[in-house]
Amino acid sequence: MKFATRAIHEGIEADKSTGALMPPIYMTSTYLQEAPGATKGYDYTRAGNPNFTVAERQLAALEEGSFATLYSSGLGALSALLSSFNQGDTVLAFNGIYGGTFRLLDKVFQRFGLHYRLINGEDEGALAEALDKKPALLLFETPNNPLLGIHDIEVIAKQAKERGVTTCVDNTFATPYFQKPLTLGADIVWQSCTKYLGGHSDIIGGALITNSREWKSKFDFARMTVGLNPSPFDAWLLSRSMKTLPLRMEKHAQNAGEIVSFLKDHPLVKTLYYPGMPSHPRYSVAQKQMSGFSGIVSAEFNLTLEQTKKLISSFKLFALAESLGGIESLVCHPSTMTHASIPKEKREEMKISDGLVRFSVGLEDIEDLKKDLTSGLASC
Ligand SMILES: *Cc1c(COP(=O)(O)O)cnc(C)c1O
């Protein structure tokens with residue numbers, strides 16, 4: 001079955017007792033046992049729930065993996081993964097990982113003796129040298145935030161595999177609709193379902209997807225043991241939303257492309273970041289591993305901090321908020337929001353200047369979005 005068909009049908013079965021075409025929401029913490037230990041596959045919702053199972057079947061099918069485990073948040077999923085390692089193990093990650101990923105490694109797991117090391121993922125020598133040290137996990141994100149850098153999943157996963165290193169790719173920005181890391185050699189896909197998979201800015205959720213039965217049982221163990229389960233209602237909303245993922249992603253990417261064309265020649269724009277632009281330094285890699293370029297666009301404006309703040313507060317449709325991937329357009333200012341905890345010099349070294357703005361392009365009519373940008377920019 002093709003992607004759009006899988007998105008609608010996978011995991012969905014009519015309810016046997018009532019014929020309800022859509023799965024009911026199983027708001028239950030526990031399950032009746034006919035004799036001690038005689039369950040119908042579920043005993044306590046921290047460990048499992050029919051709504052989790054439906055969403056997991058969908059997630060696995062969309063990522064072309066065999067198994068998925070659903071969690072309370074993207075970071076809940078990462079906590080589950082990291083809790084599977086041992087004291088003295090090292091996680092190798094690339095500069096530019098999501099701020100919350102860094103914080104979890106640096107402020108929590110490091111205290112328990114799980115080390116981490118950050119390298120420049122584009123430096124092939126540094127990568128080979130770091131992989132030779134046999135980290136327990138290689139973790140990276142592509143496209144990454146907020147500059148939409150691209151890493152070659154196939155090349156990197158192969159290098160890791162040759163050294164017996166497990167690779168996990170954060171596929172939140174691309175979604176399985178545009179990129180399938182498991183088919184490119186990654187061992188684990190990590191998703192923040194809060195973003196495009198949920199898609200309506202109304203739930204927090206996360207998932208890990210894999211082809212390995214061994215990893216799947218570790219993921220389930222961690223959810224139950226650490227207590228990282230989502231609510232059945234959130235799982236149900238996620239299931240419902242994933243059915244329209246193909247339609248939404250097509251439109252997000254189309255609208256983002258239009259915003260790129262609009263901003264490309266604007267006199268106030270200094271640099272534009274979008275993996276679908278032939279001028280992107282990794283355009284050929286993006287083209288090779290992605291079937292579309294998703295809906296996030298970043299732009300560095302020739303504006304001071306004050307002017308940039310004024311600009312992004314002046315929009316009527318692009319709502320000033322953290323997060324991304326919802327049907328409504330959002331705008332964020334990395335240097336004072338998502339990356340505020342990084343010192344200014346370091347931030348500028350990372351090219352996260354005060355004039356940098358990240359757009360999560362939504363599904364509104366493109367003419368209205370362009371008008372919003374036009375009037376905001378005219379006021380600068
Ligand atoms: C939001 C996000 C996360 C964390 O997910 P939560 O659901 O917020 O816990 C991880 N990676 C990326 C790329 C994200 O955008």
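In each ligand, atom 1 is the first atom listed, and ligand 1 is the first ligand listed.
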Please identify which atoms of ligand 1 are closer than 4.0 Å to at least one heavy atom of [X].
X    : result
D170 : 10 (C), 11 (N), 12 (C), 13 (C)
K195 : 1 (C), 2 (C), 3 (C), 14 (C), 15 (O)
E141 : 13 (C)
W190 : 10 (C)
S73  : 7 (O), 9 (O)

What heavy-atom pair brings L82 and L104 nearest, and what distance separates the two atoms? CD1-CD2, 4.1 Å
For ligand 1, find out whether one of its N or O atoms is nearer than 3.5 Å to an N or O atom of L324. no
Could an N or O of ligand 1 be found under 3.5 Å from any N or O of T194, whether backbone or side chain? yes
Can you report which non-hydrogen protein atom sits closest to [atom], along with the distance?
atom                   : value
atom 3 (C) of ligand 1 : Y98 CE2, 3.4 Å
atom 5 (O) of ligand 1 : S192 OG, 3.0 Å
atom 6 (P) of ligand 1 : G74 N, 3.4 Å

Does V54 belong to the same Ile/Leu/Val/Met/Phe/Trp/Tyr cluster as L59, with side-chain heavy atoms less than 4.5 Å apart forming each link? no
Quick one: do V108 and L228 end up in the same hydrophobic cluster if we chain Ile, Leu, Val, Met, Phe, Trp and Tyr together by side-chain heavy atoms under 4.5 Å apart? yes
What do we get for L75 next to ligand 1 when only non-hydrogen atoms under 4.0 Å count, side chain, backbone, both or neither? both
Checking ring-ring contact (aromatic ring centres under 6.0 Å, His included) between Y116 and each of F102, F109, F85, which is the one that passes? F102
Taking atom [atom1] of [X] as the centre, does the number of heavy atoms from other residues, nucleotides or ligands within less than 6.0 Å exceed 12?
X    : atom1 : result
K270 : NZ    : no
K243 : NZ    : yes
F221 : CZ    : no

Answer yes or no for G205: is there a heavy-atom contact with ligand 1 below 4.0 Å? yes
For a 4.5 angstrom cut-off between non-hydrogen side-chain atoms, does F318 reach L320? no
